[in-house]
Number of protein chains: 2
Amino acid sequence: MKKELSHIPKECVAYNFTKTARHLASFYRKIINRSGLQGMQFQLLLAIRLYEPVSISVLAKKLEIDRTTLSRNLKRLEKNALVNFENAEDQRIHNVQLSESGNKILTSALPLWEEAQNLILDRFGTDNWHQLLDSMNKLERIIS
Amino acid sequence: MKKELSHIPKECVAYNFTKTARHLASFYRKIINRSGLQGMQFQLLLAIRLYEPVSISVLAKKLEIDRTTLSRNLKRLEKNALVNFENAEDQRIHNVQLSESGNKILTSALPLWEEAQNLILDRFGTDNWHQLLDSMNKLERIIS
DNA sequence: CCAAGAAAGGTGTATGTACACTGTTTATGA
DNA sequence: TCATAAACAGTGTACATACACCTTTCTTGG
């Protein structure tokens with residue numbers, strides 16, 4: 001007889017998070033795309049505005065994403081003239097900052113993020129979200 | 001004066017889920033890789049075992065992933081001889097099922113999934129996880 | 001001072017994701 | 001019946017992820 005395995009996808013922490021994350025990213029992306037930005041581009045421009053001028057490695061740590069992934073994503077932003085790189089005194093460090101148009105398009109996208117966020121929170125409840133977020137953060141601490 | 005924006009990454013539902021999902025996927029992947037399987041390969045083989053023989057579209061709906069993404073991921077499994085395709089009477093449908101070696105390697109990976117899952121649940125608490133999962137499922141229903 | 005190592009970043013390669021579009025096969029209703 | 005629509009799947013293209021490996025630049029301890 002074959003072992004019953006249907007509990008695995010139902011219970012697997014990674015699978016369920018990945019699935020929900022995909023759907024949520026899609027939800028936000030469809031709205032934020034109206035600004036001309038991809039979802040990831042929005043995240044990056046926002047993070048750059050918060051920390052600029054900032055090196056690639058530092059930004060990767062802030063966003064908790066792989067440095068080489070970030071590096072390539074930033075390269076696309078540079079190609080679209082949304083960010084600029086410049087060297088620091090330390091010649092190893094490539095500092096990134098928003099360009100004029102990067103700043104402009106980010107500003108235009110902020111209300112779209114609000115719209116997506118509010119669509120979710122109005123239906124899910126802000127308190128429920130904060131509780132969920134707390135729980136997720138505990139989970140994160142466990143695996144790092 | 002510049003508007004304060006640091007609440008956005010802290011609060012954004014999509015960003016926080018994506019980040020946690022990445023970390024969790026990495027956690028499971030490192031363990032499951034010891035079987036020779038990628039994390040996604042494990043998911044797919046498992047789902048195929050649960051539903052085989054199953055068409056690509058049906059499998060995509062079960063897994064809630066994009067059909068074309070699934071199609072290409074399955075192509076890699078086929079290339080590695082872990083699954084087989086065969087046509088149904090309905091010539092449009094390509095049914096997929098596990099090969100001998102696909103079955104074997106999946107069986108060998110199951111204890112590794114248990115290991116990863118238990119590492120998380122032992123530290124996080126099964127009840128906490130079920131509560132979190134409930135909340136996530138509510139969130140999913142809201143956005144679909 | 002300077003050799004060894006650490007830090008920053010890039011490249012090669014492979015996998016994963018998803019939208020727009022296409023072709024083929026089956027179902028359906030006027 | 002047969003034109004039209006729906007269902008199934010593949011391809012083109014672009015973006016996103018991440019590991020292994022490399023070079024360049026700085027730091028540090030003997």
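Convention: sequence-line order gives letters A, B, ...; per-chain numbering from 1.
A donor-acceptor pair is defined here as one N or O able to donate and one able to accept, closer than 3.5 Å; no such pair exists between the side chain of A:Ser71 and the backbone of A:Thr68. Listed for the B:Ser99 side chain is a donor-acceptor partner under 3.5 Å among the backbone atoms of B:Leu82. In this structure a side-chain-to-backbone donor-acceptor pair under 3.5 Å is missing from A:Arg34 to A:Lys30.
A salt bridge between B:Lys19 and A:Glu140 is present, with a side-chain N of the basic residue lying under 4.0 Å from a carboxylate O of the acidic one.
Residue whose closest nucleotide on DNA chain C sits further toward the 5' end, between A:Ser26 and B:Gly39: B:Gly39.
For A:Phe27 and C:dC19, the CZ to P distance is 14 Å, given to the nearest whole Å. Remark: P of D:dA16 and CD1 of A:Ile32 are 13 Å apart, rounded to the nearest angstrom. Note: CG (B:Leu70) to P (C:dT17) measures 10 Å, nearest angstrom. With rounding to whole Å, A:Phe42 atom CZ is found 14 Å from D:dA16 atom P. Spacing between atom CD of B:Glu89 and atom P of C:dT24 amounts to 22 Å, rounded to whole angstrom units. Rounded to a whole Å, the OH atom of A:Tyr15 is 11 Å from the P atom of C:dT17. Rounded to an integer number of Å, the gap from A:Arg22 CZ to C:dT15 P is 18 Å. Rounded to whole Å, atom C1' of C:dT15 lies 15 Å from atom CG of B:Asp66.
Under the rule for a side-chain contact (heavy atoms from CB on, under 4.5 Å), the partners of B:Glu86 that lie at least two apart in sequence or sit in another chain are B:Asn95, B:Gln97. Looking at residues two or more places apart in sequence or on another chain, you find a ring-ring contact (aromatic ring centres under 6.0 Å, His included) between A:Phe17 and B:Phe17.
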Could you run down nucleotides 6-15 of chain D 5' to 3' and tag each one B, S or - for protein heavy-atom contact under 4.0 Å?
BBSBBBBB-S
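A sub-4.0 Å separation between OP1 or OP2 of C:dC19 and a side-chain N or O of A:Arg29 is present.
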